[in-house]
Amino acid sequence: MVMWVFGYGSLIWKPGFHYDDCLVGFIKGYRRVFYQGSTDHRGTPEFPGRTVTLEPADGEVCWGIAYKITKKEDQEVAITYLEVREKQYDKKAYLDLFTDLKASTPAVSDVLVYVASPDKTINKNYLGPASIEEIASQIVRAEGPSGPNRDYLFQLEKALGLIGCEDKHVTDLAKEVRRIIGETIPI
């Protein structure tokens, strides 16, 4: 049995597990948002960073990369790894992956997707919506064991560009972070 895992954040540029093939595609009915707090990778419990999660959004799509894992032992290693890496994402969904905007039939069904739910009673790190300026300000200041939060944002922006996807939320945030950095750090 083949397993597919969909990456829409750092999994796009750094999957961290063995896979046999990958497919650029999108899931329908969701958008990528910087609403999840990161206290273990891109921030600390005292000052959380912000990473992406998915938010239901009618008529929208979220582009990313789906990774195909064929061997049972590779699947077990990947799941064990992802359960640690994605531990702040409290929900797993199995969604359809599309590769063509005009297609009504998915390219792959039942692709595993990690999602951080907005329910703060079960997801204590959910930060939720804020203005672009507020989110950018938090991203500029946050840093964790995996590095500065801004690096996560810039790497995501670059990775999306490499797969031919522009995400307005990501682009607007990156532009605002660059503006703040330009104002606060002399060149």
Who passes side chain to side chain donor-acceptor pair (under 3.5 Å) against [X], sequence neighbours left out?
X	answer
T51	Y89
S117	D90
R178	E157

Go through the structure and list residues passing salt bridge (charged side-chain N to carboxylate O under 4.0 Å, His left out) with [X], not counting sequence neighbours.
X	value
E76	K72
D167	R32
K68	none
D172	K168

Would K28 count as a cation-pi partner of F98, with NZ or CZ less than 6.0 Å from the six-membered ring centre and within 45° of the ring normal?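 Yes, cation above the ring, under 6.0 Å and within 45°.
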
Using the test ring pair (Phe, Tyr, Trp, His ring centres under 6.0 Å), find all partners of F17 that sit at least two apart in sequence or belong to another chain.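 Here the qualifying residues are Y67.
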
Which residues pass the side chain to side chain contact (heavy atoms under 4.5 Å, CB included) test with [X], not counting sequence neighbours?
X	answer
E133	S131, E176
T99	L23, A107
D110	Y94
V77	none

Please assess K91 against E86 for the test salt bridge (Lys or Arg N to Asp or Glu O under 4.0 Å), listing each intermediate value before the final yes or no. CA-CA 10 Å; K91 273 177 48 179; E86 306 297 322; over 6 Å; no

